[in-house]
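Contents: one structure, followed by commentary.
Side chains are part of it too, since the values below use all heavy atoms of this structure and drop only hydrogens, waters and symmetry mates. Keep in mind that what you see is a predicted model, and the values were worked out from it rather than measured.
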Amino acid sequence: MSAAQAEHSRTEMSLEEMKSFIRNHFEEFVNRKNIAIGDVNFASDFVDHGADVPPGTPPGPAGAKQYVGNALKKFPDMQVAIEDMVAEGDKVVVRNVWRCTDPGTGKKLQFGGIVIWRIARGQIAERWAYLESPKAAS
């Protein structure tokens, strides 16, 4: 069995399928505000290693749904755009830009981030994220 075949059997997806899955995840979960898709996309034992995750966030899909749901409540117009995407082995790395409006001031904000997703059995098993602090959009 080749290395590519071994990875495919572990993730149940090709590299291109993994990239498409993550692209669609961002689109549904954030841009379309379909928080319920988290129950499908995240593995039941999902682990979030992100430096951005607030203390006390529950483990598993519930934590990811709570975190993004709270962000969307605070910034209802939040959108994410994928700038770059690379897949290797069982991971997909994304460089993205988030844009929103501060409802209190009306000021347009944006921040960039790097997210690493690990895929297992066709679902998101782990996440590592590093996000910039929001700044005024240019």
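Not one N or O on the side chain of Asp52 forms a donor-acceptor pair closer than 3.5 Å with the backbone of Tyr130. The main-chain N or O of Ser14 is found under 3.5 Å from a side-chain atom of Glu17 such that the two form a donor-acceptor pair. When atom types are taken as modelled, the side chain of Gln110 and the backbone of Ala137 share no donor-acceptor pair closer than 3.5 angstrom. Gln123 places a side-chain N or O within 3.5 Å of a backbone atom of Val40 that can act as its donor or acceptor partner.
Residue pairs meeting the salt bridge (Lys or Arg N to Asp or Glu O under 4.0 Å) criterion with at least one member in residues 22-37, sequence neighbours excluded: Glu27-Arg32, Glu28-Arg32. Counting only residues at least two apart or in different chains, ring pair (Phe, Tyr, Trp, His ring centres under 6.0 Å) contacts with residues 55-105 comprise Trp98-Phe111. Each salt bridge (Lys or Arg N to Asp or Glu O under 4.0 Å) pair with one or both residues in residues 67-87, not counting sequence neighbours, appears once here: Asp84-Arg95.
In terms of hydrophobic clustering, with Ile, Leu, Val, Met, Phe, Trp and Tyr side chains grouped at heavy-atom distances under 4.5 Å, Val30 and Val97 are assigned to different clusters. Under the 4.5 Å side-chain heavy-atom criterion for ILVMFWY residues, a single connected hydrophobic cluster contains both Ile37 and Met78. Connection of Leu131 to Ile116 is not established within any shared hydrophobic cluster, with ILVMFWY side chains joined at heavy-atom distances below 4.5 Å, either directly or through further cluster members. Note: the hydrophobic cluster containing Met85 also contains Val115 (ILVMFWY, side chain heavy atoms under 4.5 Å, direct or indirect links). Two different hydrophobic clusters hold Val47 and Ile124 under the rule that ILVMFWY side chains link at heavy-atom gaps under 4.5 Å.
Between Val68 and Ile35 the shortest side-chain heavy-atom distance falls below 4.5 Å. When side chains are defined from C-beta on, Ile22 does not count as touching Met18, because their heavy atoms never get closer than 4.5 Å. Considering only heavy atoms from C-beta on, Gln79 stays 4.5 Å or farther from Cys100 through its side chain. Here the side chains of Trp128 and Lys91 are in contact, with some heavy-atom distance below 4.5 Å. Residues Val94 and Ile114 form no side-chain contact, since every pair of their non-hydrogen atoms from C-beta on lies 4.5 Å or further apart. Looking only at side-chain heavy atoms (C-beta outward), Val53 and Arg127 come within less than 4.5 Å of each other. Counting heavy atoms from C-beta on, the side chains of Arg99 and Val80 never come closer than 4.5 Å.
The shortest heavy-atom contact between Ala125 and Ala43 is CA-CB, 4.3 Å. Smallest separation of non-hydrogen atoms from Pro61 and Gly38: CB-O, 4.0 Å.
Trp117 has its ring centre no less than 6.0 Å from the ring centre of Phe46.
Asp90 and Arg121 are not joined by a salt bridge, as no carboxylate oxygen comes within less than 4.0 angstrom of a charged side-chain nitrogen. A salt bridge does not link Lys107 with Asp102: every distance from a Lys NZ or Arg NE/NH1/NH2 to an Asp or Glu carboxylate oxygen is 4.0 Å or more.
One finds the CG atom of Asp45 at 8.5 Å from the CD atom of Glu126 (value rounded to the nearest 0.5 Å). To the nearest 0.5 angstrom, Ser133 atom OG is 11.0 Å from Leu109 atom CG. Atom CG of Leu72 sits about 11.0 Å away from atom CG of Asn34, to the nearest 0.5 Å.
Ring geometry for Phe29 against His25 counts as parallel: the plane angle stays under 30°, on a 0 to 90° scale with 60° as the upper cut.
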